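Step one of this worksheet: look at the structure below.
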Amino acid sequence: MQIAFIGLGNMGAPMAINLAKAGHSVKAFDLSADALAKVKAEGSQTAASAQDAVQGAEVVISMLPASQHVEGLYLGRDGAPGLLASIAKGALIIDSSTIAAATSQKVAQAAAAAGLGFIDAPVSGGTGGAIAGTLTFMVGGTDADLERARPLLEKMGKNIFHAGAVGAGQTAKICNNMLLGILMIGTSEAIALGVANGLDPKVLSEIMRRSSGGNWALEVYNPYPGVQEASAATRGYTGGFGTDLMLKDLGLAQESAMSVKASTPLGGMARQIYAAHSIAGHGPEDFSSVIKMLQKKG
Ligand code: NAD
C-alpha cells in the first residue's frame with residue numbers, strides 16, 4: 001500500500017519505520033531534516049513537502065504535536081492551502097496525534113466534503129511501544145474506515161479499540177492521559193519519599209510494582225534515573241513524552257471536563273503541577289522528570 005506519513009518525531013518516526021519494514025511503500029515528511037534522515041535510513045522515501053508526500057497515497061497518516069498543527073496541515077493556515085485539496089479522492093486519513101475531539105470532527109467533516117475518509121486514532125504505549133510495534137490505538141470513526149485502517153494499525157500496534165464516532169478516540173485518549181499524568185506524579189511522590197528516608201529506589205520500586213501501588217510507570221516508565229535501563233529517566237529524560245505534551249493533554253482534559261461540568265480535581269491539580277514544572281524550564285524534558293520537583297535537593 002502507498003502511504004504518506006506526516007510528522008516523524010519521537011512517535012511518528014518509529015511508526016513509519018514499522019510500516020516500511022512490513023513492506024509498505026512509505027513516503028514521509030517532517031519539517032525537521034534530522035527526522036527525515038532517520039526514516040530514510042530505515043527504508044522510507046522522503047518528500048520535500050506534505051503536498052509531495054501525499055501524491056498517489058491511498059492512506060495518509062499524521063502524527064503531529066497538537067490541534068493547531070493538525071488543523072493547519074489539513075485545512076490550511078495563514079493563507080496557505082490545506083492538504084485535503086492535494087489528496088486523491090477515496091483515500092483514508094488516519095490522524096494519530098492527540099488533539100481536541102472537536103478538531104478531529106472539524107477536519108473529518110472537511111475531509112468528507114472532499115471525498116476522503118477520516119479516523120482519529122490516537123495511541124498509548126510510549127516511544128517503547130512505538131518502536132516495538134505494540135501501541136494501543138483508540139479509534140473514532142465508522143466501522144468501514146476502521147476496517148480499512150486495521151491492517152496498517154496492526155503493523156504499528158497490538159491493541160485496537162473502536163471507541164465510537166469521530167472524536168471518540170480522542171476522548172478516550174485524554175481520559176487515559178489524565179490518569180497517566182496523575183499516576184506519574186503519585187509514583188514520583190512515593191519514590192521521592194522512600195529515597196528521602198534512605199530506601200534504595202530500585203528496591204522500593206520493585207516492592208511497589210508487586211504490591212497494591214503497582215502501575216504502568218512502575219512497570220515500564222520509572223521516573224527515577226537508573227532504576228530501568230530503557231526508561232526516559234535513565235536517558236536524562238530525553239526521547240520520551242515531553243512535559244509540554246502532557247501539559248497539552250491535561251489542558252484538553254480540563255476543557256472536556258468543563259464542557260460537560262465534570263469534576264476532575266486531581267486532573268486539574270496535575271495540570272497545575274506540570275505547568276509549574278514547564279515554567280521552571282522542563283517543558284522539553286520527558287514528563288517523568290516531574291519527580292525533580294519532589295526530590296530532596298542536596
Ligand atoms: P514530537 O514533538 O517528538 O514530534 C512531532 C513532530 O512533528 C516533529 O518532528 C515536528 O518537526 C513535526 N511537525 C510539526 N509540525 C509539522 C508540520 N506542519 N508538518 C510536518 N511535520 C511537522 O512529538 P511526539 O512525541 O512524536 O508526539 C506526537 C503526538 O503523539 C502528540 O500529539 C503526542 O501528544 C502524542 N503521543 C506521544 C507519546 C510519546 O510518548 N511521545 C505517546 C502517545 C501519544
Side-chain angles (χ1 to χ4, degrees), residues 4-17 27-39 46-54 60-78 80-83 86 94-101 103-104 107 120-132 134-138 156-157 159 169-170 172-181 184 216-217 220-221 223 230-233 235 237-253 274 283-289:
F5 205 113
I6 321 275
L8 308 164
N10 289 331
M11 296 295 285
M15 291 165 73
I17 288 167
K27 205 165 179 194
F29 176 68
D30 193 288
L31 300 174
S32 147
D34 286 351
L36 284 171
K38 186 173 172 190
V39 297
T46 54
S49 65
Q51 271 75 13
D52 177 18
V54 301
V60 178
I61 305 178
S62 44
M63 192 51 166
L64 298 172
S67 299
Q68 67 270 25
H69 304 98
V70 175
E71 187 169 337
L73 176 75
Y74 289 112
L75 306 186
R77 188 169 40 197
D78 303 332
L83 195 59
S86 305
I94 302 174
D95 180 46
S96 283
S97 326
T98 304
I99 63 171
T103 306
S104 298
V107 175
D120 50 308
V123 302
S124 178
T127 49
I131 293 165
T134 57
L135 292 169
T136 293
F137 283 92
M138 308 166 202
M156 300 181 281
N159 297 307
Q170 298 296 352
K173 170 67 184 169
I174 55 142
C175 291
N176 178 75
N177 271 28
M178 184 177 81
L179 178 58
L180 171 64
M184 184 57 82
W216 186 78
V220 298
Y221 219 105
S231 72
R235 293 192 302 268
Y237 300 103
T238 61
F241 180 46
T243 296
D244 281 342
L245 289 178
M246 175 52 87
L247 184 55
K248 170 208 50 153
D249 290 359
L250 291 168
L252 291 173
Y274 288 104
E285 290 177 6
D286 184 77
F287 79 115
S288 63
S289 65

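In listed order, ligands and their atoms are each counted from 1. Just so you know, residue 1 is the first one in the sequence shown, and it goes up from there. All values below were derived from every heavy atom in this structure, side-chain atoms included, with hydrogens, water molecules and symmetry-related copies excluded. Quick caveat, the model's predicted, so the values are computed rather than measured.
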Legend entry - Top protein contact for atom 35 (C) of ligand 1, by heavy-atom distance: Thr98 OG1, 3.6 Å
Inset, instruction - Measure the distances from the heavy atoms of Met246 to every atom of ligand 1 and state whether one is below 4.0 angstrom. - result: no
Legend entry - Closest protein heavy atom to atom 15 (N) of ligand 1, given as residue, atom name and distance to 0.1 Å: Leu31 CD1, 3.7 Å
Inset, instruction - Determine whether the side chains of Tyr237 and Thr243 contain a donor N or O and an acceptor N or O closer than 3.5 Å. - result: no
Inset, instruction - Give a yes/no verdict on whether any heavy atom in Leu73 is under 4.0 Å from an atom of ligand 1. - result: no
Legend entry - Proximal ligand 1 atoms for Phe29, defined as those under 4.0 Å from one of its heavy atoms: 19 (N), 20 (C)
Legend entry - Closest approach of any protein heavy atom to atom 13 (N) of ligand 1, naming residue and atom: Leu64 CD2, 3.7 Å
Legend entry - Which residue and heavy atom of the protein sit nearest atom 44 (C) of ligand 1, plus the separation: Val123 O, 3.7 Å
Legend entry - Shortest protein heavy-atom distance from atom 9 (O) of ligand 1, along with the residue and atom involved: Asp30 OD2, 2.7 Å
Inset, instruction - Work out whether the distance between some heavy atom of Gly126 and some atom of ligand 1 is less than 4.0 Å. - result: yes
Inset, instruction - Please check if any side-chain donor atom of Tyr274 sits under 3.5 Å from a side-chain acceptor atom of Asp244, or the reverse. - result: no
Legend entry - Residues Thr127 and Asn10: side-chain donor-acceptor under 3.5 angstrom: no
Inset, instruction - Give a yes or no on whether a salt bridge exists between Asp249 and Lys173, defined as a side-chain N under 4.0 angstrom from a carboxylate O. - result: no
Inset, instruction - Could you tell me the residue and atom name of the protein heavy atom closest to atom 27 (O) of ligand 1, and the distance to it rounded to 0.1 Å? - result: Leu245 CD1, 3.8 Å
Inset, instruction - Only heavy atoms count here, so choose which of Pro14, Ala47, Pro65, Gly9 is nearest to atom 4 (O) of ligand 1. - result: Gly9
Inset, instruction - Using a strict cut-off of 4.0 Å, indicate which atoms of ligand 1 neighbour a heavy atom of Lys248. - result: 31 (C), 32 (O), 33 (C), 34 (O)
Inset, instruction - Report the part of Lys173 (side chain from C-beta onward, or backbone N, CA, C, O) that has a heavy atom under 4.0 Å from ligand 1; answer both or neither where that applies. - result: side chain
Inset, instruction - For atom 41 (N) of ligand 1, state which one of Gly12, Ser97, Gly242, Gly240 supplies the nearest heavy atom. - result: Gly240
Inset, instruction - Using only heavy-atom distances, determine whether the side chains of Asp34 and Ser32 contain a donor-acceptor pair under 3.5 Å. - result: no
